[in-house]
Participant: 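Here's a structure for you.
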Amino acid sequence: MGMRTSILLLSKGELAFLASVAICLATSSALLPLVGRESAGLPSGQERIGTIVFKNRYAERKAQGKVIWNATAQSAPVYDLDSIRTAAASSAVISLVNGVEISLGEESLVLLDFRQDRAKVSVGDGSVELRTAAAGRELSVDCAAGEVSLKSGALSIRADDAGAAISLVGGSAVLHGAASARALSGDVSIDSSGKIAPAPSVALAAPAEGELVFAAPAGPGVLFRWKAGGPGAQAGSWVLSVARDRDFTVEERRMPVSGGEATLQLPAGLHYWRLLATGEARPASAIGWFTLAELEPPRLIGPLNRRFSVDETSGLAVDFSWSPSANASSYRLSIAKKGQPQAPAITKATVLSALTVESIAPGDYIWSVSSLSGPGLTEAMSRTGEFSVLRGESRLVLRSASGREGAVESLSALAIRNGAVVATWDPVEGAKRYDVSISREPDGARVVREVSTNSTVLQLGESLEKGDYYVSVRAVLGTMSPSAAAELKLAVTGPTPPVPVTPIAATRLDPATRDLRFQWEDANEGHSYRIVVAKDRDLRQVLAEKTIVSRWTDVELPDDFSGTFFWKVALLDEGMKPIMDSPIADASIQAMLAAPKALSPANGQELDINSIERIDFGWEAVAGADEYRVSLYRTTGGLREAVKTWSTKRTKATFDHLEALALASYSWELRAAASSADGRPRLSRPVDSYFRIVQSSPLPAPRIRIGAER
């Protein structure tokens with residue numbers, strides 16, 4: 001950590017600035033029903049200058065010259081002259097292309113101005129940290145305490161109704177106050193009268209002010225570090241206090257600490273922390289803040305339990321892939337010989353979620369992928385996968401008839417008996433036939449079945465008792481065959497119930513979508529199923545019941561239904577009789593708003609362009625709705641071309657730009673909306689009405705008269 005300078009300044013003019021920010025926030029609150037819609041493109045004359053690299057809970061963006069704040073998402077672009085603000089218990093991190101990084105705490109506001117040769121950030125209320133690039137140009141920061149010229153380092157600003165505090169961490173800066181300029185350096189604090197004030201007895205070191213901290217789900221937690229202030233000061237005993245709000249109304253954690261560091265497990269989100277004197281409630285340090293983001297481990301996609309075949313001389317190129325991990329900046333692939341996990345044979349770094357590794361020698365391997373992020377490269381490691389590279393052997397794969405692979409070492413006896421599982425293998429050049437063996441012991445002991453075939457596919461349709469089996473294939477070249485055969489272990493289980501996949505309690509359902517897709521897995525590879533959806537767990541108040549021949553189906557729930565619903569699926573035999581039921585799953589959905597009734601223009605109505613000066617849209621009010629969304633389209637040959645979209649709290653709207661309309665067919669779409677606590681508005685189904693713009697006759701030509709007017 002570098003040197004820290006803290007300054008507390010406030011004037012009447014600065015209070016006026018803070019008041020103006022509060023007025024802006026209060027004015028924009030009237031537009032909250034529009035929150036949630038992304039900005040519709042790049043405003044004219046603006047340049048993209050950065051990206052919101054992280055967002056916790058709610059953050060909004062307002063473009064130049066606009067009055068409406070739009071909700072923004074992680075990885076969303078940021079443009080010149082944008083205003084960015086965060087809500088309560090929220091935070092965001094903005095990375096600019098010029099190397100500047102801006103961290104916003106809760107209820108914070110900044111305006112970005114990088115026109116031409118400017119580099120300026122205006123700060124309103126809240127907690128804001130600005131970090132410059134190592135060799136970046138000077139950054140101007142305008143706040144309630146004055147204008148700061150930041151040449152290097154990190155600048156932390158806190159502003160509220162009581163004043164504004166500025167802290168410089170390393171680097172250098174100049175504060176331009178009302179009367180004079182003051183260079184910021186050294187470890188001092190200056191109050192509003194210009195006097196040097198005593199520094200806090202404890203200086204917070206890490207997490208740094210506004211830092212984005214990454215933690216793995218099973219990691220050690222957040223490391224807090226501090227040091228006693230003043231020359232010759234010794235580390236002592238303190239009380240570490242952590243809260244969700246700056247006022248520490250409700251503490252998350254409070255624990256005695258000693259020395260200079262401590263580790264705590266905390267949930268993701270925005271946190272404030274400070275140290276208190278032991279046995280007293282008075283603070284011994286300033287208040288620090290940081291945002292904790294959970295770093296997810298990747299999910300391995302492939303290869304999983306794969307066997308690859310190579311010739312006698314060369315290695316093999318293997319394609320590795322995994323699911324992208326939230327908040328990861330890079331990945332590390334580790335490959336080790338089986339039985340030697342502590343000594344990786346190959347380690348590769350990448351920013352992608354796939355990687356090809358060349359020349360892997362024959363052997364048995366395990367592999368894993370770690371998500372990495374943050375300055376200290378916090379790591380979240382995946383589970384391990386296995387694969388083998390075999391010399392001179394054919395690759396054997398067990399595959400279901402539907403083409404599904406994965407977890408194929410454990411198969412249902414019912415799936416095998418129904419012929420739903422096949423064994424396939426790669427062809428061997430020059431092979432005359434393939435000898436396939438199914439045995440109860442490795443290396444072919446206690447043979448159950450032997451087959452010779454010219455094909456590379458064999459259907460496993462025999463009845464096998466529960467237990468372990470070994471399927472091997474040997475390529476026969478004339479009278480000779482390879483020295484070893486490819487072998488795969490097969491664990492045969494009894495019939496197992498289907499497993500509901502979605503929707504389940506963890507599924508987030510959109511109340512505007514009542515046609516839900518139900519999916520389930522079936523290790524038995526069955527063909528017919530019966531699904532029941534009901535209001536109660538006993539499945540007596542049935543909402544829908546269907547018989548289908550796939551492992552998914554769409555079910556439409558009534559518009560007026562809300563709350564928790566329950567469902568199960570039964571596996572059926574060839575006579576369509578139930579064999580076994582899945583566990584009962586449940587999910588919840590909100591009730592939809594009632595659809596509004598469109599009044600005018602009426603469906604099928606013709607409007608004479610000679611007789612109207614505007615188009616008045618009208619509809620009946622919907623109980624519970626606090627907004628209506630209207631879209632006007634021109635329809636041609638079944639295609640719709642958008643003319644205008646708007647929203648209103650009233651039950652009518654007017655379109656008076658008739659010069660923009662042609663003699664054609666039009667439709668208008670109407671939805672009712674209601675605000676909800678989670679920020680996602682509830683919507684009704686859309687209502688469409690159609691009308692035509694016609695012209696009864698051409699306009700009459702004017703008559704010319706000569707002489708006296710009559």
Side-chain angles (χ1 to χ4, degrees), residues 1 4-10 14-15 17-18 21-22 24-25 52-60 83-95 100-112 121-132 139 141-146 148 150 153-170 173 175 184 189 200 203-213 222 224 226 241-252 266 268-275 283 285-293:
M1 297 297 292
R4 180 180 294 271
T5 303
S6 298
I7 297 128
L8 181 63
L9 298 172
L10 188 63
E14 293 156 356
L15 279 172
F17 175 84
L18 292 176
V21 172
C24 292
L25 292 174
I52 296 180
V53 295
F54 181 80
K55 178 183 73 71
N56 172 49
R57 292 176 62 83
Y58 303 111
E60 297 175 330
S83 295
I84 309 295
R85 71 179 184 183
T86 55
S90 303
S91 57
V93 178
I94 307 169
S95 178
V100 174
E101 184 176 276
I102 306 173
S103 300
L104 282 75
E106 64 175 346
E107 297 181 327
S108 300
L109 171 67
V110 293
L111 169 63
L112 310 177
V121 178
S122 297
V123 178
D125 279 348
S127 300
V128 178
E129 166 117 346
L130 304 101
R131 299 180 182 88
T132 61
L139 177 67
V141 183
D142 190 14
C143 64
V148 180
L150 178 62
L155 186 70
S156 175
I157 299 175
R158 296 176 181 169
D160 55 28
D161 293 341
I166 300 178
S167 298
L168 178 68
V169 181
L175 173 64
L184 306 184
S189 298
L204 305 183
E209 184 82 357
E211 183 178 353
L212 178 58
V213 180
V222 180
F224 294 87
W226 58 89
S241 175
V242 184
R244 285 286 194 176
D245 63 310
R246 180 177 292 281
D247 297 329
F248 287 77
T249 305
V250 179
E251 288 180 308
E252 291 182 280
L266 294 171
L270 179 64
H271 303 275
Y272 295 89
W273 69 292
R274 64 184 178 182
L275 289 173
S285 72
I287 297 174
W289 67 277
F290 63 94
T291 298
L292 179 61

Participant: Hey, could you give me the NE2/OG1 distance between His271 and Thr291, rounded to the nearest 0.5 Å?
Facilitator: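 Separation between the atoms: 8.0 Å.
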Participant: So which atom in Arg57 and which in Ala88 form the shortest heavy-atom distance, rounded to 0.1 Å?
Facilitator: NE-O, 3.9 Å
Participant: At what distance, to the nearest 0.5 angstrom, does OG1 of Thr132 lie from CG of Leu150?
Facilitator: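 The CG atom of Leu150 is 5.0 Å from OG1 of Thr132, to the nearest 0.5 Å.
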Participant: Using the side-chain contact (heavy atoms from CB on, under 4.5 Å) rule, pick out the option among Arg244, Arg246, Glu251 that qualifies with Tyr272.
Facilitator: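 The side-chain contact (heavy atoms from CB on, under 4.5 Å) with Tyr272 is passed solely by Arg246 among Arg244, Arg246, Glu251.
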Participant: Do Ser241 and Trp273 have side chains that approach each other closer than 4.5 Å (heavy atoms only, starting at C-beta)?
Facilitator: no
Participant: For Arg274, does its backbone N or O pair with a side-chain atom of Ser285 as donor and acceptor, under 3.5 Å?
Facilitator: no
Participant: For the CD atom of Glu129 and the CH2 atom of Trp289, what is their distance to the nearest 0.5 Å?
Facilitator: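 Result: 7.0 Å between the selected atoms.
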Participant: Gly269 and Asn56: which non-hydrogen atoms are nearest, and at how many Å?
Facilitator: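 Result for this residue pair: CA-ND2, 3.5 Å.
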Participant: NZ of Lys55 to CD1 of Ile84: how many Å apart, nearest 0.5 Å?
Facilitator: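 Spacing of NZ (Lys55) from CD1 (Ile84) equals 12.0 Å.
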Participant: Quick one: does any side-chain atom of Ser108 pair with a main-chain N or O of Ser127 as donor and acceptor, under 3.5 Å?
Facilitator: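 Yes; judged by distance alone, with no hydrogens or angles, the pair exists.
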Participant: Taking side chain as C-beta onward, heavy atoms only, is Leu112 less than 4.5 Å from Val121?
Facilitator: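 The answer is yes; the side chains approach within 4.5 Å.
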Participant: At their closest point, which heavy atom of Gly288 faces which heavy atom of Leu204, and how far apart are they?
Facilitator: N-CD1, 3.6 Å
Participant: Which pair of heavy atoms, one from Gly105 and one from Leu270, lies closest together, and at what distance?
Facilitator: C-CD2, 4.3 Å
Participant: Provide the closest heavy-atom pair for Val213 versus Pro207 in the form atom of the first, atom of the second, distance.
Facilitator: CG2-CB, 3.8 Å
Participant: Could you go through the side chain to side chain contact (heavy atoms under 4.5 Å, CB included) check for Arg131 and Glu211 one step at a time?
Facilitator: CA-CA 10 Å; Arg131 299 180 182 88; Glu211 183 178 353; 4.0 Å; yes
Participant: For the CZ atom of Phe290 and the OG atom of Ser103, what is their distance to the nearest 0.5 Å?
Facilitator: 13.0 Å
Participant: Look only at the side chain of Ser122 and the backbone of Val110, and say whether a donor-acceptor pair between them is shorter than 3.5 Å.
Facilitator: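 It does not hold such a pair.
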Participant: Run the numbers on Ile94 and Val53 for side chain to side chain contact (heavy atoms under 4.5 Å, CB included), then give the verdict.
Facilitator: CA-CA 6 Å; Ile94 307 169; Val53 295; over 6 Å; no
Participant: Kindly indicate, with the supporting measurements, whether the criterion side chain to side chain contact (heavy atoms under 4.5 Å, CB included) is fulfilled by Val141 and Val128.
Facilitator: CA-CA 11 Å; Val141 183; Val128 178; over 6 Å; no
Participant: What distance separates Asp245 CG from Glu252 CD, expressed to the nearest 0.5 Å?
Facilitator: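 If I round to the nearest 0.5 Å, the distance is 9.0 Å.
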